[in-house]
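What you see is a predicted model, and the numbers here were worked out from it, not measured in a lab. A, B, ... follow the sequence lines: proteins, then strands. Residue 1 opens every chain.
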Amino acid sequence: MIELIDVTKIYEVNKKESVRALSHINLKIKEGELVILKGSSGSGKSTILSLIAALSKPTSGEVLVDTKKISKLPDNFSSEYRRDNIGFVFQKYNLIPNLSVKENILLPLVPLNLDAQSMHQMSESVMQRFHIEHKQDVLVRNLSGGEQQRAAIARANINNPKIILADEPTANLDEKLSLHFIEMLRELKASNKTIVIATHDPLFFGLDFVDREIQVHNGSLVL
Amino acid sequence: MKNKTWLQSVLNIYLIEYALSAILRQKYKNFFILSIFTFLTFLLASVFFITNSIKYELESTLEALPQIIVQKIKAGRQDDMDVSAVDEILSIAGVSDAVARVWGYYYFQNAGVNFTLVGVDEYENQYKNSLEKIVQKFDFNNEENIPSMIVGQGVKENMSRNYYKQYFNFIKSEGTLKKVNIAGVFDADTQLESNDMIVMSKDEVREIFDIQQTKATDIVVKVVNPEEINTIASKIRLMYPECRVITNQDLQVSYQNIFDYKSGIFLALFIVCLFTFFMIVYDKASGLSSEEKREIGILKAIGWRVDDVLKEKFYESFILSFFAYVLGIGFAFAFVYIFQAPLLRNVFIGYSELKTSFELPFVFDTQTLFLVFFLSVPIYVAATILPSWKVATLEADEVIR
């Protein structure tokens, strides 16, 4: 279970200026639940994802995942927590453009120093699942937007995480590819993963397999 | 974690692979760094190798110098000494031996070089070990009673190039020729000392240079206690006020002056090398590109720990700098010891003009290799890791945002 308790996040722009991204947020997401965070740009959706992924720490309040206070974790433990629990699909995919699809997908496993056979099996499995195996040796910079997104989803799933976070996953896709992504989401939901999507794309609204839609506005949840 | 070798469990091969790919992804930039780094390592190592060789040569030469040399000065120029002075010098307390030397420089016009003709008497004590070895090893009196000589390797090469393979015709002072057979070639410890040397009997040298039997070129003196060299030199000066008395310390100073002057130039070169190197290091340390920062942010975001990032950066910088180090050392070895340091060697021209030819002897000094290594590789590695550490310890969200 993911739990945000009275979370406030303030970004320091410089010494004089700061931006309040979230203000006293309280949110509970159950295991296996698919939640859509919707709202306009700058409303604070991405910040919620960032806090759940321990990519940043709240200014005040607590973020708990399976009762573990991840907002208090030291940096190295945050990394381990992400590696073991989180699959993050970023808005701009955050792939390394001069590496091949397979190399990008395997990146989260590199520090684990697994044996070659396991690495190969894991990458083959995840590439087949997200239909990108035919592009495995192609450099990411040479892929289309849809292919890049599939590579990013494959990378997010290589470690078989419990939680999938996706930040504006269809922002750079046309409608057809967006619908394809939604189908992939349905598959992921079927595998009982906890999924949180931050989006303002109307295609996500009213989907039958979505458990909850939460409106975020000016750093607060509109319940 | 199955099927892993011991090496794989100690070293993360995938991190090394990633580091290699990171180097290749920025191949133009890294090729530039590799070239500069290799060149600087090459320069630095070459300077140290040349210095080591010269030091070795100098030390060997200084060891072989006589303790005291007595030369007669007449009207401001050196003149032959009376051999009878040997007995008078031997009477000074503390003198263990005195030998009248018969020697001189012989200019070989065809080759444009000077040979040093040294006369020896088999039944006398030799004033240095190298001559003692030559006298014991070679026989100067052959059956046909033809004068013979033992020559240094450099002399042999010079003579052979000018058609004198078996013998050499010396032009005597009155203009006639004296044929002397080449009875052997010696390899001495140092080329500086002996490359141009010809050893033959004293009588032959006297004949070539027209030195009377009662005369000698100079007298070399050995003392029992090296601490007393200056005292004994003073006594000789008092006995022979018309003579110049030179101690090995005086010679050492003149040799070292030449060497120190040259090493000063090299020191300047060394500083220029270091300065350029630190300029690169400063540029590297002053920050990472936005692309590099973003990459570290992505790696952190997908679960890499700070130490994973730093290990990768260590491998990346170590592979690059160590490769450049090995290349630089290899080039320096070839440049100094195979090609005899062309261009840089010219800096030593004053030194080499002392003798017909001078080759840099091979001196393998692990300390020098370590010194060059520690002056280059760890500095570059640190300069790469520090800015990466700064970025890796920031919140991943802040870096990729």
Side-chain angles (χ1 to χ4, degrees), chain A residues 9 11-12 21 46-47 49-58 74-100 103-119 139 141 152 155-156 158-159 161 165 167, chain B residues 1-30 290-316 389-401:
Chain A
K9 177 68 182 177
Y11 289 108
E12 301 287 340
S46 300
T47 304
L49 297 188
S50 175
L51 292 172
I52 295 171
L55 288 172
S56 64
K57 289 183 167 48
D75 195 81
N76 274 343
F77 288 95
S78 300
S79 293
E80 284 175 12
Y81 156 76
R82 278 194 294 276
R83 194 175 63 205
D84 298 338
N85 299 284
I86 303 291
F88 205 125
V89 181
F90 298 92
Q91 183 175 354
K92 291 175 185 168
Y93 312 127
N94 279 341
L95 297 163
I96 300 194
N98 293 330
L99 288 182
S100 70
E103 287 167 334
N104 265 285
I105 289 170
L106 284 171
L107 266 186
L109 303 181
V110 164
L112 299 177
N113 199 17
L114 303 173
D115 62 275
Q117 200 184 349
S118 305
M119 298 268 278
L139 294 181
R141 65 168 184 226
R155 186 183 67 184
I158 186 79
N159 51 351
L165 307 171
D167 189 7
Chain B
M1 295 279 174
K2 58 187 177 183
N3 302 333
K4 277 178 31 175
T5 62
W6 173 83
L7 186 67
Q8 280 174 314
S9 58
V10 174
L11 277 179
N12 187 337
I13 303 295
Y14 305 111
L15 266 184
I16 297 173
E17 270 180 12
Y18 185 79
L20 279 170
S21 86
I23 292 170
L24 295 175
R25 269 183 280 139
Q26 293 193 311
K27 51 181 175 286
Y28 296 116
K29 180 188 162 194
N30 285 323
S290 58
E291 201 181 323
E292 286 171 310
K293 282 181 188 171
R294 186 171 176 79
E295 187 171 321
I296 291 174
I298 293 170
L299 296 176
K300 285 283 304 291
I302 61 173
W304 285 39
R305 294 158 50 108
V306 173
D307 52 301
D308 296 326
V309 173
L310 296 187
K311 268 186 210 164
E312 189 278 316
K313 289 292 170 192
F314 169 80
Y315 289 139
E316 198 179 316
W389 173 78
K390 275 187 199 166
V391 174
T393 48
L394 294 173
E395 282 189 343
D397 184 53
E398 191 182 331
V399 182
I400 56 176
R401 188 174 276 268

Heavy-atom distance under 4.5 Å to chain B: side chain of [X], backbone, both or neither?
X	answer
A:Leu95	backbone
A:Ser56	both
A:Phe90	side chain
A:Asn98	both
A:Tyr11	side chain

Axial cation check for A:Tyr93 ring with A:Arg141, 6.0 Å and 45° limits: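 The answer is no, since A:Arg141 fails at least one limit relative to A:Tyr93.
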Side-chain contact test, heavy atoms from C-beta onward, threshold under 4.5 Å: evaluate it for [X] versus [Y] and give yes or no.
X	Y	answer
B:Glu291	B:Arg25	no
B:Ile296	B:Lys313	yes
B:Leu15	B:Trp304	yes

Separation between CG of A:Leu106 and CE of A:Met119, rounded to the nearest 0.5 Å: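 Between A:Leu106 CG and A:Met119 CE, I get 5.0 Å after rounding to 0.5 Å.
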Toward chain A, the part of [X] with a non-hydrogen atom under 4.5 Å:
X	value
B:Ile298	side chain
B:Ala22	neither
B:Leu299	side chain

Distance-minimising heavy-atom pair for A:Lys57 and A:Lys9: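 Here A:Lys57 and A:Lys9 meet closest at O-NZ, 2.7 Å.
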Residue among B:Ala396, B:Ala301, B:Gly297 with most heavy-atom pairs under 4.5 Å to chain A: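 The candidate making the most pairs under 4.5 Å is B:Ala301.
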Between B:Glu395, B:Lys311, B:Arg305, the one whose heavy-atom pairs under 4.5 Å with chain A are most numerous: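 Highest number of heavy-atom pairs under 4.5 Å: B:Arg305.
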B:Arg294 and A:Asn94 side chains, donor-acceptor separation under 3.5 Å: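 Yes, because at least one side-chain N or O of A:Asn94 sits under 3.5 Å from a partner of the opposite role on B:Arg294.
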